[in-house]
2 protein chains.
Amino acid sequence: MPATLDFEQMLRGVALRVTRPRVAVLGAVLAHPHADTDSIIGAVRRGLPEVSHQAVYDSLQALTAAGLVRRIQPAGSVARYESRVGDNHHHMVCRECGLIADVDCAVGDAPCLTASDGNGFSVDEAEVVFWGRCPGCSTAGSSRST
Amino acid sequence: MPATLDFEQMLRGVALRVTRPRVAVLGAVLAHPHADTDSIIGAVRRGLPEVSHQAVYDSLQALTAAGLVRRIQPAGSVARYESRVGDNHHHMVCRECGLIADVDCAVGDAPCLTASDGNGFSVDEAEVVFWGRCPGCSTAGSSRST
DNA sequence: GCTTATTCTTGACTCATTCCAGAAAGCCGA
DNA sequence: TCGGCTTTCTGGAATGAGTCAAGAATAAGC
């Protein structure tokens, strides 16, 4: 796992100022993939109790804009952040417990990116979300069909 | 375009009570694909000025649960509703103006549904969102690269 | 060490969505 | 057609994630 110095270099690498809140936020996202903003604020405050939620929001936005983290937001969920960027992976979301898991692109490389025509849209990203039930909920729920 | 009587039959077909708000909401979703809740409230009130926003929310939820309409919510957007259900189509979202367009499944039938393995998830739906720029914004934006 | 531009803190605010309780209306059987 | 029951609608308030704004603090460059 990267140390604080690595976070600094990551920030400098994308021309972002190195501040304690940003380092902490970056570390929190790395440590807690798919965490929502509130969890990130909590994780950041474990190391920096004084950080305001606004600073976390702003840091997340800066990191997202810089491409160091990626923001995902399945329907009906709050914003979540993950550190896997650059690769073309997708997500599975459990309808019951909200668990999010990474999946590498389903049919090989990136077939979903080839939007056939797309009404003239210039597509730069294809986001795939698989909805279903996680192993835990799938087992637990198979008995109770209320 | 379906008439009010058809809406009634659609509601009865899914064992939902036929109420004027629901008929109006169903008609509004049919008439305005990808409309957000506020637009639907406005459209409904054109015919039924007295309808409360709560009734619209509740009707939309009932219609969604019954499968008559489908709720979509791209990241950073409010909830939107559409009437194309049952077919496996996806959406393109313009990053600039928020325009949403339907696209039939990219690579043919439904390749994205075959989530390779998926960590043991039992997948029941694959939602694909193509992010990019619509023809209008793509043309307009190519000149101004602020 | 100093200057400047950027970032953080504090606090209030927006607004989509939900919750609640009472009133109204639709559906079913007679 | 009518009564009873269940569900839905109305009206208002509340929730909560996210945003906005202004001044104070801080990091980067010289």
Side-chain angles (χ1 to χ4, degrees), chain A residues 4-5 7-26 28-29 34-45 47-66 68-69 71-81 98, chain B residues 4-5 7-28 34-45 47-66 68-69 71-81 98:
Chain A
T4 302
L5 286 177
F7 298 157
E8 285 194 27
Q9 293 190 354
M10 290 170 71
L11 288 170
R12 292 184 202 283
V14 293
L16 281 181
R17 285 205 178 176
V18 178
T19 66
R20 273 168 297 185
R22 285 187 177 170
V23 172
V25 168
L26 185 53
V29 175
H34 310 139
D36 56 49
T37 311
D38 204 52
S39 304
I40 292 174
I41 292 176
V44 168
R45 284 189 177 152
L48 288 172
E50 309 263 307
V51 175
S52 66
H53 71 146
Q54 181 63 44
V56 176
Y57 272 100
D58 188 56
S59 299
L60 285 171
Q61 194 169 342
L63 294 174
T64 303
L68 287 183
V69 306
R71 174 181 173 144
I72 57 178
Q73 188 175 19
S77 169
V78 298
R80 291 165 182 279
Y81 294 86
Chain B
T4 302
L5 286 177
F7 297 158
E8 285 194 27
Q9 293 190 354
M10 291 170 72
L11 288 171
R12 291 185 202 281
V14 293
L16 281 183
R17 287 202 178 176
V18 178
T19 66
R20 272 169 299 186
R22 285 186 176 171
V23 172
V25 168
L26 185 53
H34 308 138
D36 57 46
T37 311
D38 203 53
S39 304
I40 292 174
I41 292 176
V44 167
R45 284 189 176 152
L48 290 171
E50 309 264 307
V51 176
S52 66
H53 71 147
Q54 180 61 46
V56 175
Y57 272 99
D58 187 57
S59 299
L60 285 171
Q61 194 168 343
L63 294 173
T64 303
L68 287 183
V69 307
R71 175 181 172 144
I72 57 178
Q73 190 175 16
S77 168
V78 297
R80 292 166 181 276
Y81 293 87

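Each chain gets a letter, A, B and so on, in the order its sequence line appears, and its residues count up from 1.
Rounded to whole Å, atom P of D:dT10 lies 12 Å from atom CZ of B:Arg22. The distance from atom CG of B:Leu48 to atom P of D:dT8 is 17 Å, rounded to the nearest whole Å. Rounded to an integer number of Å, the gap from CG of A:Asp58 to P of D:dT26 is 16 Å. Atom-to-atom, CG of A:Asp38 to P of D:dT15 comes out at 16 Å; the value is rounded to the nearest Å. Distance, A:Leu60 CG to C:dC8 C1': 14 Å, rounded to whole Å. Between the CD atom of A:Gln61 and the P atom of C:dT7 there is a distance of 11 Å, rounded to whole Å. In this structure, B:Leu63 atom CG and D:dT7 atom P are separated by 17 Å, rounded to whole Å.
For the atom pair CD (A:Gln61) and OH (A:Tyr81), the distance works out to 7.5 Å, reported to the nearest 0.5 Å. Distance CD/A:Glu8 to OG1/A:Thr19: 10.0 Å, rounded to 0.5 Å.
More than 12 heavy-atom neighbours from other residues, nucleotides or ligands sit within 6.0 angstrom of CZ on A:Arg45.
Both A:His53 and A:Pro21 sit near DNA chain C, but only A:Pro21 has its closest nucleotide nearer the 5' end.
For B:Tyr57, the listed nucleotide lying nearest its side chain is C:dT18; candidates were C:dT18, D:dC9, C:dT9.
Contact annotation: the side chain of B:His34 approaches that of B:Ile72 to within less than 4.5 Å [non-hydrogen atoms, C-beta and beyond]. Counting heavy atoms from C-beta on, the side chains of A:Leu68 and A:Val14 come closer than 4.5 Å.
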Protein-nucleotides 20-27 of chain C N/O pairs under 3.5 Å:
from, atom 1, to, atom 2, distance (Å)
C:dG26, N2, B:Arg17, NH2, 3.3
C:dG26, N3, B:Arg17, NH1, 3.4
C:dC27, OP1, B:Val18, N, 2.9

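Residue A:Thr37 places at least one side-chain N or O closer than 4.0 Å to OP1 or OP2 of D:dG18.
The minimum heavy-atom distance linking A:Arg22 with A:Ser59 is given by the pair CG-OG, 3.6 Å. Nearest heavy-atom pair, B:Ala62 versus B:Leu16, reported as atom, atom and distance to 0.1 Å: O-CD1, 3.9 Å.
Residue contacts shown for A:Ala62 are absent, as no nucleic acid heavy atom lies under 4.0 Å away.
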